[in-house]
> 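Quick one: the structure is below, questions incoming.
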Protein chains: 2
Amino acid sequence: MNAAPPPSGSSPTLEDVARAAGVSRATVSRVINGIRNVDPAIQEAVRQAVAATGYVPNQAARSLVTRRAGVVALVVSGASGEEPGEPSPGQVFTDPFFGRVASGIIGFLRPRGIHPILMFADDAETRAQVLTYLRQGNADGALLVSTHAEDLLPRLLADAGLPAVLFARPAEPIPISYVDVEHRTGAKLAADHLVARGRRRVATITGPPNLPAAQARLAGFRDAMAVHGHPYIPCAEGNFTYHSGEAAMERLLAEHPGLDGVFAANDVMAQAALFVLRQHGLRVPEDVAVIGFDDSSVAAASRPALTTVRHPVEDMAAEMARLLLARVDQPERPATSIIFEPALVVRESA
Amino acid sequence: MNAAPPPSGSSPTLEDVARAAGVSRATVSRVINGIRNVDPAIQEAVRQAVAATGYVPNQAARSLVTRRAGVVALVVSGASGEEPGEPSPGQVFTDPFFGRVASGIIGFLRPRGIHPILMFADDAETRAQVLTYLRQGNADGALLVSTHAEDLLPRLLADAGLPAVLFARPAEPIPISYVDVEHRTGAKLAADHLVARGRRRVATITGPPNLPAAQARLAGFRDAMAVHGHPYIPCAEGNFTYHSGEAAMERLLAEHPGLDGVFAANDVMAQAALFVLRQHGLRVPEDVAVIGFDDSSVAAASRPALTTVRHPVEDMAAEMARLLLARVDQPERPATSIIFEPALVVRESA
DNA sequence: TTGAAAGCGCTAACAA
DNA sequence: TTGTTAGCGCTTTCAA
């Protein structure tokens, strides 16, 4: 049973499908949108007609009446002001982190037929563009990844009442949804493990001090070590890059040659620490135990494989998308935040 | 002279603006779309009315009639098959490269009111989704960044007659537009510079052998050195990561302790080489000259600052967008490729 | 140069 | 349960 092929040159419409199935446009629409109260036999006929005609819904026509774009904005949002030397939005991509966020978001959105529009916002003008874009209804909401705690965009979004979800808690309380991980708990897991492994001269490589997440990891680690009777923990500051991790590990070794355990605030720096320790002839984990943070792709690939704290970035990103869609469907929904629990992933390095 | 404020709850339409300006919808539309043959006085009146009402065009309504989405797909396309251990699309982001591409594309598209939708394609199903998405008219065309030379998507796109532009030449000839840089010439610039600086024992750190760009850089370097009378050039393979660069430099040093010049196939590996050389007590550029490739953000940030070959990624990405838009406006336009010329950027390392 | 009017393809009342 | 119908907001002939 073959219906007429679609008229070449332009794609088939609901009308064509309706004609092919011998029903009305409305019925076809109901079937396509999965609305009940359609006779199973007719449903089947419609489905056949759809297949026969090669019909695909026209999103523009649909958006026009539903007032849903079927698109959300994925905003990489940067500096609050004009301080020079800050990473440009493009550089954000350098961190494995952004790829995980994007994967998590796309993984959730794609099955739902929704796609993220990539936008950068790093000054007043581009922030305004994001707002305008959303207000025009070009996108149904925004998923925000800030590179700075002082980012102004979250507040603007909240004030405008636009649906938005942040990755990571904003520096100041803002009525806006976000997802985050319990950084302190994660750091505590690392501390407990190091102590359980009998390490007594432990140091840490931290992230940038202006990043709340980095500070929480440091504070959590220090507090937990204090509980274990180690009130003083040497630390060296890094900025989450491999290079900074190497430098930090070198400094730590120079000042504390006898250390037997290191907690790095992310895996990339932990990997760098591994490299430096080996160069100094130290064995991991025999001489020095190393724990990272994130459980990013480099952790399992390191030699020795990195014991690390799992930061469920993909799950968190998917949750961002879920929260956003819920808010889009239900605009009066209050802001919600979801805090994920980290977990220790024990491999070889500690 | 204040027109009535827009009815709260829903945004103003053309109709509202027309009423406020005392003209017809059609005229307002003409003014908004910059079509001539509109009385200047009326144009001004319309502009005032637009400002007064806060009107912004509804993209869905516009798309419905123009058949233009105002959106293009930015596709990160991966493996051709199911080989395990390959980088997932999300990992692509790890390279500073992708951020530069995204920046270049957004920089060109944004002023034109067009935005990129981020899509991953790494298996048959996701490739099909990209095709469907484009066929539905959700996006007007595709900008493709492949992580593999054997990517199947370019061919599918070309066969479907969909507007698309690739970053980098496809492995096999395909009737599809692309932008690329003259890798061989860039490598030659590095070779010439090294020789001009009096280096005679030169080695190179390469990229992955399955990547055409990496091979072109290697071949170009070898050929140029051969012309200078150095038919044999030691090389160590890396995969463009810092870590692999360190390992490669170590191997090179172990096998050729007397070398006095290194050309690395990208800046990240060159930076790693810098680090390893310093650890071996070698001065750069006095003992060993180092040249990178890309002129990415790490080049200027290295110590010593990296002499490198400029890969105009942002310009190339902007050109991709320009080519795509031209093709969208003019579907019969044949595939075009634009090859950029690299340039040597001399800093401190060579 | 301007306006009237006909849709673009779809969803959602409302009727039947 | 199904069909009829009225738009969603815009562009674009076609007349005037």
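The model shown is predicted, which means the values in this text are computed figures rather than measured ones. Residue numbering restarts at 1 for every chain, and letters A, B, ... go by the order of the sequence lines.
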> Measure the distance from CG on N138(B) to P on dG9(C) and round it to the nearest whole Å.
15 Å
> I want to check one thing: is the phosphate of dG3(D), taken as OP1 and OP2, less than 4.0 Å away from some side-chain N or O of S24(A)?
yes
> Judged by each residue's nearest nucleotide on DNA chain C, which is more toward the 5′ side, G22(B) or L64(B)?
G22(B)
> Hey, which sits more toward the 5' end of DNA chain C by its nearest nucleotide, V38(B) or N58(A)?
V38(B)
> Does anything in residues 165-177 of chain B form a side-chain hydrogen bond (donor to acceptor under 3.5 Å, both in side chains)? List the pairs, not counting sequence neighbours.
R169(B)-Y178(B)
> Who are the salt bridge (Lys or Arg N to Asp or Glu O under 4.0 Å) partners of R68(B), not counting sequence neighbours?
D329(B)
> Find the distance D16(B):CG to dC8(D):P and express it as a whole number of Å.
11 Å
> For Q136(B) and dC8(C), give me the distance from atom CD to atom P, rounded to whole Å.
19 Å
> Taking T336(A) for the side chain and P334(A) for the main chain, is one N or O donor matched with an acceptor at less than 3.5 Å?
yes
> Whole Å only: how far is the CZ atom of R68(A) from the C1' atom of dC8(D)?
14 Å
> State whether the side chain of Q136(B) and the backbone N or O of P57(A) hold a donor-acceptor pair below 3.5 Å, judged by distance alone.
yes
> Within 45° of the axis and under 6.0 Å from the centre of the six-membered ring of F108(A), does NZ or CZ of R112(A) qualify?
yes
> Could you state the atom-to-atom distance from CZ of R67(A) to C1' of dG9(D) in whole Å?
8 Å
> At under 4.0 Å between heavy atoms, which parts of nucleotides 11-16 of chain D does protein reach? Answer with one letter per nucleotide, 5' to 3': B base, S sugar-phosphate only, - none.
BBB---
> In this structure, how many angstroms lie between the C1' atom of dC10(C) and the CD atom of Q59(A), rounded?
10 Å
> Can you find a pair of side-chain heavy atoms, one from V56(B) and one from R135(A), that are under 4.5 Å apart?
no
